[in-house]
Amino acid sequence: MAGCCKQYTSGWKFPTVLLCLYGLFANLRPLDPFFIAYLVGPHHNLTTEQVTAVVFPVWTYSYLALLVPAFLLTDYLRYKPVIILQGLAITITLLLLLFTHGVPAMQAMDFVYAVCTACDPAYYAYIYSVVGSEHYQRVTGYCRSITLVGCTLGSVIGQMLVSLAGVSYFNLNVMSVTSTLVALLCSLFLPMPSSSMFVHRKMAGDTTNILSQELESPHSEQTQSATGTETENKSTGSNKCLQVLWRLGKEMKECYSSMKILYWSLWWAFATAGFTQVINYIQLLWEHVEPSQKFSIYNGGAEAISTFLGAILSFSVAYVKVNWDVFGELALTIFSAIDAGAIFFMVYSRNIWMCYAGYIIFKSCYMLLITIATYQLAFNLSMERYALLFGFNTFVALALQTILTLIVVDPRGLALDIVTQFIVYGSCFSVIAGIILIRSMYLLIPLYCKGPVSHLHKAITARTNDYGLN
């Protein structure tokens, strides 16, 4: 019996099931769609101006400061401790919401939540260190989709409890804390990986790994004196961090040497910055259009529908036969323009139901586009390079979002009202669509002007091959 249990826990199913349970319960938070209504309601009694200009910017600035250290520690500590830290951080965040009051307490809550979001790479990278490469595609689908399931279930449960049973936001907070505690418990039983992508990397004839070459030299000279060996080990230890950073920089330079990857990464960074800003402040726009204390809000329904529809569109990408190398930029143009239109539609309609509809369109289109972008970036990259690219693109997106927050939201900047803020966000997506349109026309017009369809097909194939990155 003990042998059977050991064999099961050492396979790929056990860590995958545990990680999926963690992802499910960590995201199953019925309070999330009603977060702003909870803050401006009688329990916390904050104003929308305080939430917008004083509380929310703390998360953006803290997230930017924590992202790089968290990314490096995630690899150094081999994922599991960082996942546990994330589960602990989200639980503390909800406990602060439950038992503390006032602007300083909510700023502290946002800082702790920034710790939680900075630990996100650990969740997505952990599974690749404990399962074989033959299971990568399957476990990736499981671990990513379960987070969407958790968000959708949390939104549906929250909406049903508020609309049908009249449950208070305080009780939704208690339920969310309970769910995150279950997630924290699941994280404690995750197997500890023996390797990571960069620092604790297991190598098999990889000549590009400078760190492994450096670490092999002391072991190949066992006949040296004890003093000489100790000196070499100290030297290796002191240079280890620099060697890892040097290798990361070299890998990143190789990634961005492809123009295709550079353009798609630029779209990823700018669009993600705008998307995150919209997601963060959308409930404040809803609160402005229809105050929650005067109207039975349906934020949970809007979140559930948008997440579910976005998941369906993302899943359908795998079955659409399109040459994304050639027509991908055109798709980015069309759907970025739709996103811009959806934002303007929400702003100028001044109707809560139209706002919900615009939000569903906006979020679904972004989830579709980010899936296409992920596929384009990951298709010709190794898992290590993709992880590095994902981390750097996220950092650039967060830096852009920080600049946007500082200029548009922060009292030290323009401190615009919520409606004007969303006009700025819509304009940003319009600019993105315009720039990508110029790029797509640069690619497509020469191909269509070359003659017959057969010649066009050859040109497209040649263009696709030119973009390859081994």
Side-chain angles (χ1 to χ4, degrees), residues 12 14-29 59 62-94 111-131 133 135-136 139-151 179-202 241 244-245 248 251-252 272 276 370 374 378 382-398:
W12 70 273
F14 179 73
T16 303
V17 169
L18 272 181
L19 191 66
C20 286
L21 287 174
Y22 170 84
L24 173 66
F25 287 105
N27 289 278
L28 203 160
R29 303 192 296 264
W59 174 84
S62 302
Y63 189 13
L64 179 65
L66 294 168
L67 183 61
V68 173
F71 180 79
L72 296 175
L73 281 175
T74 293
D75 196 80
Y76 182 76
L77 297 177
R78 290 177 289 174
Y79 313 116
K80 179 181 175 178
V82 181
I83 294 176
I84 295 174
L85 175 62
Q86 183 184 47
L88 187 62
I90 188 60
T91 302
I92 293 174
T93 298
L94 293 168
F111 174 79
V112 178
Y113 186 62
V115 175
C116 171
T117 50
C119 295
D120 273 344
Y123 172 80
Y124 292 107
Y126 167 85
I127 199 65
Y128 302 119
S129 64
V130 293
V131 304
S133 57
H135 301 299
Y136 277 2
V139 298
T140 299
Y142 292 157
C143 294
R144 287 186 176 274
S145 62
I146 200 66
T147 60
L148 298 178
V149 171
C151 291
S179 180
T180 56
L181 284 173
V182 174
L184 179 61
L185 183 63
C186 292
S187 69
L188 298 175
F189 294 97
L190 288 169
M192 185 68 180
S194 59
S195 63
S196 63
M197 287 188 180
F198 299 105
V199 178
H200 305 284
R201 187 175 174 183
K202 287 184 178 180
C241 181
V244 172
L245 292 175
L248 292 179
E251 293 280 355
M252 195 154 48
T272 299
T276 307
I370 203 67
T374 300
S382 65
M383 188 60 64
E384 291 81 3
R385 283 186 175 180
Y386 173 71
L388 183 61
L389 194 75
F390 175 83
F392 187 75
N393 287 350
T394 302
F395 176 78
V396 174
L398 188 55

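In this structure, OG1 in Thr117 is found 8.0 Å from CG in Leu66, a value given to the nearest 0.5 Å. Atom OH of Tyr128 sits about 13.5 Å away from atom NE2 of His135, to the nearest 0.5 Å. Rounding to the nearest 0.5 Å gives a distance of 13.5 Å between SG of Cys119 and OH of Tyr79.
The side chain to side chain donor-acceptor pair (under 3.5 Å) analysis of residues 63-72, with sequence neighbours excluded, yields no pairs.
Residues meeting the ring pair (Phe, Tyr, Trp, His ring centres under 6.0 Å) test with Phe390, sequence neighbours left out: Trp268. Thr93 is linked by a side chain to side chain donor-acceptor pair (under 3.5 Å) to nothing, counting only residues two or more places apart in sequence or in another chain. Applying the ring pair (Phe, Tyr, Trp, His ring centres under 6.0 Å) rule to Phe392 yields the partners Tyr256; only residues at least two apart in sequence or on another chain are considered. Legend: residues meeting side chain to side chain donor-acceptor pair (under 3.5 Å) with Thr394, ordered by chain and number and at least two apart, are absent.
Considering all non-hydrogen atoms of both residues, Pro15 and Leu190 come closest at O-CD2, 4.0 Å. Closest approach of Arg29 and Leu94 over heavy atoms only: CD-CD1, 4.0 Å. Thr147 and Arg144 get closest at one heavy-atom pair: OG1-O, 2.6 Å. Residues Leu184 and Ile84 come closest through the heavy atom pair CD1-O, 3.6 Å. Across Ala118 and Pro121, no two heavy atoms sit closer than the pair O-CD, 3.4 Å. Residues Ile370 and Thr374 approach most closely at O-OG1, 2.6 Å, considering heavy atoms.
More than 12 heavy atoms of other shown residues, nucleotides or ligands fall within 6.0 angstrom of atom OH in Tyr123. More than 12 heavy-atom neighbours from other residues, nucleotides or ligands sit within 6.0 angstrom of OH on Tyr124.
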Full working for side-chain contact (heavy atoms from CB on, under 4.5 Å) between Phe395 and Leu64: CA-CA 7 Å; Phe395 176 78; Leu64 179 65; 3.7 Å; yes
Go through the steps to decide whether Phe25 and Leu181 satisfy the test side-chain contact (heavy atoms from CB on, under 4.5 Å), and finish with yes or no. CA-CA 8 Å; Phe25 287 105; Leu181 284 173; over 6 Å; no
Could you list the donor-acceptor pairs under 3.5 angstrom formed by side chains in residues 16-24, with sequence neighbours left out?
residue	atom	partner	partner atom	Å
Thr16	OG1	Trp12	O	2.6
Tyr22	OH	Ile83	O	3.3
Tyr22	OH	Gln86	OE1	2.9
Tyr22	OH	Gly87	N	3.3

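Judged by distance alone, with hydrogens and angles left aside, the side-chain atoms of Thr180 form no donor-acceptor pair with the main-chain N or O of Ile90 at under 3.5 Å. No donor-acceptor pair closer than 3.5 Å links the side chain of Lys80 to the backbone N or O of Pro191. Distance alone, capped at 3.5 Å, places no donor-acceptor pair between the Arg78 side chain and the Asp75 backbone. No donor-acceptor pair closer than 3.5 Å links the side chain of Ser62 to the backbone N or O of Ala114.
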